[in-house]
Amino acid sequence: MFRMTRTVAAFLATLTMLTALPALQARAVPRYSARYEQNCMLCHVNPSGGGMRSSYAVQDLLPKELSMSPRKPEAFAVLDGHLNKYVSIGADFRNQLMLFSESAPEASQQGFFPMQGDVHLTFQFDPKYLLYIKRGISTTSEFYYLGHLLPWDGYVKGGRFVPAYGWKFDDHTMFVRTYEGFAPPANYDAGIELGVAPKFGELQVAVVNGNRGGTFDNDRRLAFYSSTSVRYSIGPVAMTTGVSVYAHPGLDQDDRSAGVFGSLNAGRLTWLGQLDRLRTQPYARGPVGSTVSSQELSWTVRQGVEALATYDFFDPDRELKTGSIARFGAGFKVVPRPFMAVQAMYRTTDVDPGRDFPGRDRDEAVFQVHFFY
C-alpha cells in the first residue's frame, strides 16, 4: 500500500500554496460558495457559515438548483421556516454508519452514530439585529447576537460560536477540522467576531476565550483569530484564496497556527484545498511543529448528484519521525429532495507508524443521511 513520503507531502503542500498566492474565506458547504462565487450569507444566517440556512437557500437555491427533484412554485411555501415575521425555525439531523476493515481493531465508532441533531431559532428584532440559538445533542450549543452595523455588509457577532478559520468542511472528519480542534462538540468558543464582506472577498477577526468546547475562560488568556479572503476569475476559472491565523498564549503552553486555503471552479468541477502549520510551545520545553492538509475534489454529474474525492495528511512533528497519517477517499453525494441528502464514501488510511501513530493501515466505508429544514 502506498506510503506518504515527506517528498510527496511537500509537493502537495506546495501545490496548495501556489493556488493561494494572491491572498479566501468560505464556510459550511464551501464548495457551493466557490461554485457560486458568493460569501456564506448567500445560504446561511451566520455570516461565517454553518448552522441555520437563509430563506433564499431553503425556498430558492435548494429546491431549484441543488436537489434532483425541482419542486413546483406552489410547493416552495411549505419550506418556509418563518413562524411569524420575527421568529424563524430550522433543524438538522445526520445519522451515520461507519464500517471498518477487520485489520483495524483499534478504529473507533464502528456502527451507527447519530452525529447531529440540532434545532435552530432566530429572533429578528429589526432588519439589522437578530438573536440566534442552536441547541444540539451533547454539548453542541451555539448562541450569539448579530448586528449588521459595519460597512461592506459588515457585522458584529458576540456569544458562543465556531470561530472563522479556514474551510468549514461539512465533513468534520477532514484532518484540518479534527486535528486542529474544530470537530464537534469541542469546536465552539466564546467571544466577539467582527467581519466585512465587500464584493471581492471577506475579512474577519475575532477575540475569544481560547477554550474550545467550554463557555468560560479556563486560563485568563484570550485567543485571537483572523481570516482574509479575495475572489477573482482568470478566464472561465473562478478562484478564491486566503490566509487564516490563530494565536493563544496560554498558561501551560502557547498554541499558534497559520494556513493558506483556496478553491478553483471550472464548470462542473470544484477543488478545495487547505494547508496549515501548527506550533505548540509547552512551558519549559521545546516547540513542536505540525503540518496538516485537507483537499476535496467534486464533480457535478447532474443536478443533485456529485462525485467526491478527498485527501488528508497529518504529520504531528515535522522535526522528528513520530509517525504520520494520510487518508484518501472517494464517493458520492445525492440530494434527492430539498430537505434530504445522502452520502457514501470509501476511505483508505495509510499509517507511517511511529510514537504518535502506532496503528495500522485501514479501510472504512461511511454512509450518511442528512435531513434539514
Side-chain angles (χ1 to χ4, degrees), residues 25-30 40-41 43-53 89-94 96 109 113-123 130-147 155-195 202 204-227 244-250 255-257 259 274 276 278 292 294 370 372:
Q25 188 75 32
R27 307 295 177 192
V29 183
C40 299
M41 286 185 284
C43 295
H44 291 275
V45 173
N46 187 350
S48 59
M52 188 170 182
R53 282 153 289 276
I89 190 171
D92 281 278
F93 172 78
R94 295 178 196 254
Q96 184 169 270
Q109 297 182 349
F113 173 47
M115 61 181 299
Q116 184 180 18
D118 297 336
V119 175
H120 315 278
L121 281 173
T122 60
F123 301 87
L130 66 82
L131 179 66
Y132 175 83
I133 300 174
K134 182 187 81 174
R135 179 59 185 173
I137 56 177
S138 184
T139 57
T140 55
S141 296
E142 189 173 13
F143 38 86
Y144 55 80
Y145 60 84
L146 183 66
Y155 65 91
V156 177
K157 180 171 66 178
R160 187 172 188 255
F161 50 85
V162 179
Y165 185 94
W167 295 104
K168 280 186 177 176
F169 286 104
D170 54 333
D171 180 357
H172 298 300
T173 69
M174 300 290 277
F175 286 5
V176 294
R177 307 307 288 175
T178 55
Y179 289 112
E180 295 192 59
F182 290 109
N187 56 340
Y188 300 95
D189 212 333
I192 296 177
E193 180 179 291
L194 284 74
E202 294 172 272
Q204 293 164 320
V205 295
V207 178
V208 296
N209 286 336
N211 183 25
R212 294 182 207 163
T215 303
F216 299 100
D217 193 350
N218 61 351
D219 64 1
R220 300 185 182 181
R221 302 290 181 90
L222 297 178
F224 169 80
Y225 287 89
S226 179
S227 287
S244 290
V245 296
Y246 166 72
H248 182 210
D255 295 309
R256 292 182 174 85
S257 63
Q274 180 174 333
D276 291 324
L278 288 62
V292 60
S294 292
H370 181 197
F372 45 89

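What you are looking at is a predicted structure, and each value in this text was computed from that prediction instead of being measured. Hydrogens, waters and symmetry mates play no part in the numbers below; they use all other heavy atoms, side chains included.
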Query raised in the report: Between atom CE of Met52 and atom CG of Leu121, what is the distance when rounded to the nearest 0.5 Å?
Result: 7.5 Å
Query raised in the report: Do the non-hydrogen side-chain atoms of Val207 and Ile192 ever get within less than 4.5 Å of each other?
Result: no
Requested in this report: State, to 0.1 Å, how close Asp276 and Tyr165 come at their nearest heavy-atom pair, and which atoms those are.
Outcome: OD1-OH, 3.3 Å
Requested in this report: Might you point out which heavy atoms bring Pro163 and Lys168 nearest each other, and give the distance in Å?
Outcome: O-CE, 4.1 Å
**Report entry** Any donor-acceptor N/O pair, Thr178 side chain to Ala183 backbone, under 3.5 Å
**Finding:** no
Query - Residue pair Asn46 / Glu142, side-chain heavy-atom distance below 4.5 Å - result: yes
Report summary line: ring-ring contact (aromatic ring centres under 6.0 Å, His included) filter on Phe161, not counting sequence neighbours, yields none
**Report entry** Nearest-0.5 Å distance that lies between atom CZ in Arg94 and atom CZ in Phe113
**Finding:** 11.5 Å
Query raised in the report: Arg160 side chain to Tyr188 main-chain N or O, any donor-acceptor pair under 3.5 Å?
Result: no
Query raised in the report: Got a salt bridge between Asp92 and Arg53, using NZ or NE/NH1/NH2 to carboxylate O under 4.0 Å?
Result: yes
**Report entry** Atom pair CD1/OH of Ile133 and Tyr145 - distance to nearest 0.5 Å
**Finding:** 14.5 Å
**Report entry** Interatomic distance, Gln204 atom CD to Tyr155 atom OH [nearest 0.5 angstrom]
**Finding:** 3.5 Å
Query raised in the report: Got a donor-acceptor contact below 3.5 angstrom from the Asp118 side chain to the Ala91 backbone?
Result: no
Requested in this report: Look at the rings of Trp167 and Phe169 and say which category their plane angle falls in: under 30° parallel, 30 to 60° tilted, over 60° perpendicular.
Outcome: tilted
Requested in this report: Under the side-chain contact (heavy atoms from CB on, under 4.5 Å) rule, what do Phe216 and Asn211 come out as? Steps first, then yes or no, please.
Outcome: CA-CA 7 Å; Phe216 299 100; Asn211 183 25; 5.6 Å; no
Requested in this report: Would you name the heavy atoms of Phe182 and Val176 that are closest together and state the gap between them?
Outcome: CD1-O, 4.0 Å
Report task. Determine the minimum heavy-atom distance between Asn209 and Asp219, stating which atoms define it. Result -> O-OD1, 4.3 Å
Report task. Start with the C-alpha gap between Ser48 and Glu202, add the side-chain angles, then the distance that decides, and say whether side-chain contact (heavy atoms from CB on, under 4.5 Å) holds. Result -> CA-CA 10 Å; Ser48 59; Glu202 294 172 272; over 6 Å; no
Query - Any side-chain heavy-atom pair of Tyr144 and Lys134 under 4.5 Å - result: no
Report task. Could you check Asp217 against Leu222 for side-chain contact (heavy atoms from CB on, under 4.5 Å), going step by step and ending with a plain yes or no? Result -> CA-CA 8 Å; Asp217 193 350; Leu222 297 178; 3.9 Å; yes
Requested in this report: Run the numbers on Val245 and Phe224 for side-chain contact (heavy atoms from CB on, under 4.5 Å), then give the verdict.
Outcome: CA-CA 8 Å; Val245 296; Phe224 169 80; 4.3 Å; yes
Query raised in the report: Does Arg212 make a cation-pi contact with Tyr225, if we ask for NZ or CZ under 6.0 Å from the ring centre and within 45° of the axis?
Result: no
Query raised in the report: Are side-chain N/O atoms of His370 and Asp170 paired as donor and acceptor at under 3.5 Å?
Result: no
Report task. Check whether any side-chain N or O of His172 sits under 3.5 Å from a backbone N or O of Arg177 as a donor-acceptor pair, and report yes or no. Result -> no
Report summary line: Between Tyr246 and Gly210 the two heavy atoms that sit nearest each other are OH-CA, 4.4 Å
Requested in this report: State, to 0.1 Å, how close Ser244 and Ser227 come at their nearest heavy-atom pair, and which atoms those are.
Outcome: OG-OG, 2.6 Å
